[in-house]
There are 2 protein chains.
Amino acid sequence: MSKKIQKRNAEASKALIITHAITLFSEKGYAFASMDALAKRSGLNKAMVFYYFKNKKGLYAAVMHKILIQIQSAVLEENKQHSAPREELEGFVRTYARFACKHPYLPSLLLRELSDNGAIVPEVLFTSMKQLFVLFSSILKKGEDRGCFVHTAPMILYFMVLGTLNLMITTKTLRIQAHQEDSEIDTFASGNIDEIVDYIVEEMLRMLVVPNKGDNQ
Amino acid sequence: MSKKIQKRNAEASKALIITHAITLFSEKGYAFASMDALAKRSGLNKAMVFYYFKNKKGLYAAVMHKILIQIQSAVLEENKQHSAPREELEGFVRTYARFACKHPYLPSLLLRELSDNGAIVPEVLFTSMKQLFVLFSSILKKGEDRGCFVHTAPMILYFMVLGTLNLMITTKTLRIQAHQEDSEIDTFASGNIDEIVDYIVEEMLRMLVVPNKGDNQ
DNA sequence: ACTATAATTAACTTATTGGTTAGTTAATAA
DNA sequence: TTATTAACTAACCAATAAGTTAATTATAGT
């Protein structure tokens with residue numbers, strides 16, 4: 001039969017808390033996200049938060065873990081569909097970008113953590129970022145080995161991609177506003193995420209592709 | 001004669017507060033920077049902070065204003081020494097990078113603000129970022145006009161530069177740590193700021209320079 | 001039906017913090 | 001010398017927030 005509607009359901013409550021915590025943390029940042037507010041949003045008693053997650057930090061760690069696992073598996077999964085370095089690279093950028101755009105908490109939480117030596121939950125953040133980086137480097141490496149990419153410093157390119165995407169996404173409203181105030185300056189205000197990715201990928205390839213070997217996918 | 005050492009000195013006190021506020025804010029972030037702690041660090045009475053800056057937000061605005069003016073004028077000033085687009089571009093990147101590296105509060109404060117819709121002081125941040133962007137675009141534009149740069153979306157390149165630099169700088173300790181834990185992965189841990197700039201400029205030029213017109217400075 | 005336990009709640013505690021205020025002392029100009 | 005003002009201080013206040021606790025209710029296994 002259909003699941004009966006329970007008045008008590010640990011998993012559901014936990015999920016409810018996490019869901020609202022994600023938006024709350026990304027809206028307000030860690031410090032300004034109050035657990036009272038979270039309880040109110042979730043429609044649960046504040047004590048439940050501590051019951052399930054021990055303390056604020058624990059909850060935050062759970063939140064970060066969840067979204068990092070999500071982005072990680074999204075990118076890793078997508079990557080399986082390709083084998084040519086150029087496609088892999090484009091897939092990496094686009095998947096990350098689309099995900100980040102659909103879940104705008106990702107860039108803001110990520111930038112905040114990164115700008116702060118992984119202030120609140122270093123380990124969680126770290127392992128995830130590392131895994132993505134390993135994939136990214138392996139794509140570049142494969143390209144090099146096949147002779148279609150020139151040699152580069154993967155860490156710098158990685159941050160180039162992430163930095164650009166995250167900033168473009170988080171500053172979207174800012175850029176639109178700036179363009180309205182002064183239409184002279186081109187803030188790429190109209191660009192949607194796929195156009196941005198097109199641009200970035202184009203630039204990346206211009207950096208990477210070995211001259212006169214462009215067709216060597 | 002020499003200035004007599006005064007027991008009371010508005011300007012000195014103000015400066016003292018700002019100086020310590022800069023480090024405090026960048027260490028702890030806006031929310032976790034307490035005014036009690038600031039007063040203690042500055043060796044002044046807490047009330048002085050409010051006496052001079054009205055409230056915490058006002059102080060923060062003053063802090064941001066100061067550092068943004070600094071970076072802005074550093075870059076603008078340096079730019080006067082060049083006229084060839086390629087040199088101008090390199091100068092822009094290097095001056096920003098060196099400054100940010102010498103004053104590591106800049107990247108962390110900047111990223112935090114940017115990742116948050118200019119959370120705390122939108123206007124101040126905004127005008128400064130805009131001015132730097134205008135300079136950056138004008139460099140690219142000049143390059144295009146002279147036929148040595150290809151056409152690009154300046155906003156994206158701008159964030160590419162700032163994103164990469166700020167991330168590389170703020171994650172320095174993180175990267176060193178990661179490399180120590182697993183020496184397999186190349187986190188560019190050893191790279192100093194000038195090497196990083198070399199790399200970035202090299203990549204930027206590979207993106208920008210019109211093929212077979214590379215010498216056309 | 002009974003019991004053990006997991007889920008839930010209201011009320012409370014404790015600490016911190018941004019900000020105020022009323023009063024005090026140093027400098028300065030008449 | 002004195003009056004005025006600007007710089008400075010100690011003590012205080014109200015609000016908020018993280019975290020606790022002791023009691024209560026639903027649920028599931030026996």
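Numbers restart at 1 for each chain; the letters A, B, ... are given by sequence-line order, proteins then strands. Computed from a predicted structure; not experimentally measured.
- Between the P atom of D/dC8 and the NZ atom of B/K14 lies a distance of 11 Å, rounded to the nearest Å.
- Going from atom NZ of B/K40 over to atom P of D/dA10 covers 12 Å, rounded to whole Å.
- Here C/dT20 presents its C1' atom at 14 Å from NZ of B/K54, a figure rounded to the nearest Å.
- At the heavy-atom level, A/N45 lies under 4.0 Å from base atoms of the strands shown.
- Residues A/D182 and B/K130 are not paired through a salt bridge, judged by the lack of any N-O separation under 4.0 Å between the basic side chain and the carboxylate.
- In this structure, A/S13 does not reach the C/dA7 phosphate: none of its side-chain N or O atoms is under 4.0 Å from OP1 or OP2.
- Residue contacts shown for A/A33 are limited to sugar-phosphate atoms, with no base heavy atom under 4.0 Å away.
- Using a 4.0 Å cut-off, some side-chain N or O of A/Y51 falls inside it from OP1 or OP2 of C/dA7.
- Within 4.0 Å (heavy atoms only), A/M35 reaches sugar-phosphate atoms of the nucleic acid but no base atom.
- Between the C1' atom of D/dA7 and the CD1 atom of B/I17 lies a distance of 11 Å, rounded to the nearest Å.
- One can place CZ of B/R8 at 16 Å from P of D/dT5, the figure rounded to the nearest angstrom.
- At a threshold of 4.0 angstrom between heavy atoms, the contacts of A/A47 include nucleobase atoms, whether or not backbone atoms are also involved.
- Residues A/N166 and A/Y96 have side chains that bring a donor and an acceptor to within less than 3.5 angstrom of each other.
- To the nearest angstrom, P of D/dA18 lies 9 Å from CZ of B/F32.
- Both B/K46 and B/G43 lie close to DNA chain D; mapped to their nearest nucleotides by heavy-atom distance, the more 5′-ward contact belongs to B/G43.
- Between A/R94 and A/E78, no side-chain nitrogen of the basic residue sits less than 4.0 Å from a carboxylate oxygen of the acidic one, so the salt-bridge criterion is not met.
- Below the 3.5 angstrom threshold, one finds no donor paired with an acceptor across the side chain of A/K56 and the base of D/dG19.
- Between B/R112 and A/E113 there is no salt bridge, since none of the side-chain N atoms of the basic residue sits less than 4.0 Å from a carboxylate O of the acidic one.
- Using a 4.0 Å heavy-atom cutoff across all strands shown, A/Y52 reaches sugar-phosphate atoms only and no base atom.
- Nucleotide D/dT9 holds its P atom 6 Å from the CG atom of B/L44, rounded to whole Å.
- Atom CG in B/L38 sits roughly 10 Å away from atom P in C/dG18 (whole-Å rounding).
- Electrostatic pairing of A/K80 and A/E88 does not count as a salt bridge here, judged by no charged N lying under 4.0 Å from a carboxylate O.
- Ranking D/dA7, C/dT9, C/dG18 by closeness to the B/A10 side chain, first place goes to D/dA7.
- Closest approach to the A/S34 side chain among C/dG19, D/dA6, D/dA18 is made by D/dA18 (side chain taken as heavy atoms from C-beta onward).
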